[in-house]
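A, B, ... follow the sequence lines: proteins, then strands. Residue 1 opens every chain. All values reported here derive from a predicted model rather than from experimental measurement.
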Amino acid sequence: MDAGFDFILYRHGPFSFDLRDELSSMQADGLLELAVKREGYGPTYVPTQFSEMFLERFPKTTARYMKQIRFIADELGDKGVAELERLATAFFIAHRERIASVALRAQRLVELKPHISLPDARFACQQVDSLIERARPFSPREE
Amino acid sequence: MELASRAFEVITKPANVTDEVKGLLPDLGNADALPYWKHVLRMAALCHDIGHLPFSHAAEEELLPKGWTHERLSRLLIESEEMREIWDNMVPPLKPKHIVKLALGARKAKDLQFSRWETILSEIIVGDAFGVDRVDYLLRDSHHTGVAYGKFDHYRLIDELRILPSFEGSTEPSLGINGGGIYSAEALALARYFMFSQVYYHPIRLIYDHHLRDFLTAWLSKGTLLPEGTFPIDIEGHLRTTDDEVNAALRIAASDPEYPGHISARCIMRHCHFKRLYERDPQDAKLNSEPGAAIAMAAKREFGANAVRYSKPKVKNVAIDFPVCGPDGRVQPAISASETLSKLQPTAMEFVFIDPELKAKAKSWLDRNREKILAAAGEQEDEEHETQPKSSNTHVVEPRNAEKG
C-alpha cells in the first residue's frame, strides 16, 4: 500500500521529510513521544496513552490497516539502524530502479552506500526479495 | 556566506578530521578539491534565498503556479544563462549543478543524486540541526524584531562542528558536533522554539499573512500588474516583482475602494486586522484532531466565509537529532546526550480569526456552541479517514476569495 509519502535517498537510506513532518505533527498532537530505549542509540517514537483513546475513535480506519501494520511491525520492528539502512536502501533500489538481478542491485547498493560491504549488500537484497514476497498477501491489490 | 565559510573551515581543518572520516570521504583529503568546494559552498549560501517572492513565504503556496516553490525559482536563477556566465568566469569555474545541490539540499532537489560529501556540505546551509541559513535567520529576525529569543552563541556552535564517522551502528559519516558544543546546540533549539512560538507563529503575525495573501490574490488575479493571477515564474518577471511594488500597491489599494484587494489592504495599512476568536486547546484535541478547523467551518456557516480566517501553522520539529562526540570519542545521538533536547516538544497550533465588527457576536456564539461543534465534527472523522487515508500536515485551509461583498 502506498502511504503517500515521498522518499529520497538520504543519510542512512531512504528518508521522507514529509513523513518526519507528519510524525512531528503527531507528537505535537500528543499521540507520540520520544523515548531512548537503548543507550548510545537514538530515540524511538512510542505511542502515548492519549493515542489509545484516539485510535478508539477510528475503528474503521484501524481495522482496515491493522494487518499491514502488524506485518511491518513484526518484520522490521526489532531491527537497528545499520540493518534498516541496508534493507531500506535495497528496497529503494528494487522499487525505484527496477533492477531484477540481485548481483546488480547489490553493486548499486554499494555504489550508493560505500560503507556497506558487498556480501552484506547481497544479503540485504535477498532479504528484501523475500520480504516483498511475504508481504504480497497484505497488498490491497491481493485482497 | 560568512557563516558557511567558517563552518567549512572548521570541518575541513586537518586537526578536526580523523583518518576514519578521511577514508570515508576522499574529497576531504584532496587538497586541490577543497578550495573548489569552499567556493561552491559560498556561492550556494549567497544564492540560497535568491528565489524568494515579495514578503518571502507569506503567499508562496497559494500564489505560485502548481509545482513551483521559491527553491525552484532559486534553481532557475542559478542555472540561468546569465548566472552560468558568472560561474564560468570564476577561478576555478564552478558547476551550476553543484551550487544548486548545496543551496537547495536533498529535500528540495529530489531529482539530483547527492554524494555523501555533497549531502554534508548542503547540510552546512540547509541542515535542520545547525544549517547556517537557520542560524542566520534566527539571529537576524531576533535583531530586527527587537526580541532576545533568537540569540545564542553561534560561533561556539560552528567551532564545534565535526564530520563524525559513525552513528547508531551505521558507519555513514554525518555532520555533528563535539561534546563541548552541545550547550550551544541546545541554545539554538530553544531559540528556534521561542522564535516560532513568540514571533513567527504569533497570532497577529499569522493574521497579517492572511490579509497579505488575500490582497495579493485579488491584486494578481485582477490584472493590475500581473495578469497571470499568480506570481511570474520567468526570470524577468520574478526579478521585476519586489516588496516595493507590493508596498506601493497596498498603499493605493487601502485608500481606493475600487482597487483590487481594497479591504485586505485597508486591514494591513490601518492595522484593523481580524481578531482571534479561537485558539487550539489541547483538551479540545481529545474530541477532534483539528478542533480549530471544525470551529472555523462552523463559523463560516454562521458568519460567512469572508468574515472568518483559519490558520494552522506547520508543526516544527524542535528537537532535531544529530551525532555528538563525547570526550571519550564515543558518538551518541544528541537526544541521548542532552536532557534539554530530549524534553523539547513540538507544539500544535490552530487559530480562528473573525472580522473585528463581528467579534462580540462571534464570541457569544462560540461560547454557546463550542462543545456541540467539536463533538459533532469528531464523530465524522472516522468516516472521512476511510475515504482519505493519508493525513495531511498542510498548514492553512483557506478560501481563495478574500474580499467581502
Side-chain angles (χ1 to χ4, degrees), chain A residues 1-13 15-44 50 53-54 56-65 79-86 111-116, chain B residues 24 106-116 119-120 123 128 165-175 282 285-290 314-319 321 323 330-336 342-349 378-379 381-386 389-393:
Chain A
M1 59 183 259
D2 183 359
F5 295 109
D6 196 14
F7 283 80
I8 57 165
L9 208 52
Y10 197 50
R11 279 186 286 134
H12 308 313
F15 183 79
S16 168
F17 287 95
D18 302 336
L19 176 57
R20 190 197 57 189
D21 290 347
E22 191 69 28
L23 291 170
S24 293
S25 193
M26 290 171 76
Q27 204 187 347
D29 287 338
L31 297 169
L32 296 175
E33 58 191 4
L34 288 173
V36 177
K37 288 188 164 174
R38 213 171 132 197
E39 205 199 331
Y41 281 75
T44 305
F50 173 50
M53 284 162 53
F54 180 83
E56 282 169 15
R57 285 186 11 225
F58 295 89
K60 291 179 193 165
T61 312
T62 311
R64 184 172 173 190
Y65 297 109
K79 299 200 187 306
V81 171
E83 193 175 358
L84 285 172
E85 178 184 34
R86 290 192 293 271
E111 191 186 312
L112 291 169
K113 300 277 170 193
H115 57 285
I116 296 175
Chain B
L24 292 163
R107 181 177 197 174
K108 300 294 178 182
K110 288 179 184 165
D111 59 314
L112 302 178
Q113 196 170 307
F114 284 62
S115 68
R116 293 191 295 190
T119 300
I120 287 172
E123 283 181 8
D128 283 333
S166 61
F167 188 38
E168 295 189 66
S170 167
T171 51
E172 187 164 43
S174 327
L175 195 61
K286 290 180 179 171
L287 295 169
N288 186 295
S289 47
E290 284 189 328
K314 188 173 177 180
V315 171
K316 291 291 173 182
N317 188 14
V318 280
D321 211 11
R330 208 163 52 99
V331 177
Q332 61 173 330
I335 289 183
S336 299
S342 73
K343 288 198 162 45
L344 272 180
Q345 291 283 323
T347 313
M349 290 179 167
E379 283 169 15
E381 283 191 306
D382 196 26
E383 298 293 340
E384 287 165 11
H385 277 243
E386 274 283 274
K390 180 185 175 291
S391 59
S392 157
N393 200 20

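Using a 4.5 Å cut-off on side-chain heavy atoms (C-beta onward), Lys343(B) and Leu34(A) make no contact.
For chain B, the nearby parts of Phe17(A) are the backbone and the side chain; heavy atoms of each come within less than 4.5 Å. Within the 4.5 angstrom heavy-atom criterion, only side-chain atoms of Arg20(A), from C-beta onward, approach chain B.
Across Ala285(B) and Arg57(A), no two heavy atoms sit closer than the pair O-NH1, 3.9 Å. Scanning all heavy atoms of the two residues, the minimum distance from Val315(B) to Ser24(A) falls at CG1-O, 3.6 Å. Of all heavy-atom pairs spanning Ile8(A) and Ala106(B), the tightest one is CD1-O, 3.3 Å.
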Under the side-chain contact (heavy atoms from CB on, under 4.5 Å) rule, what do Leu9(A) and Gln113(B) come out as? Steps first, then yes or no, please. CA-CA 8 Å; Leu9(A) 208 52; Gln113(B) 196 170 307; 5.8 Å; no
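Rounded to the nearest 0.5 Å, atoms CZ (Arg107(B)) and OG (Ser16(A)) are 8.0 Å apart. One distance of note links CZ of Phe7(A) with NZ of Lys110(B); it measures 11.0 Å at 0.5 Å rounding.
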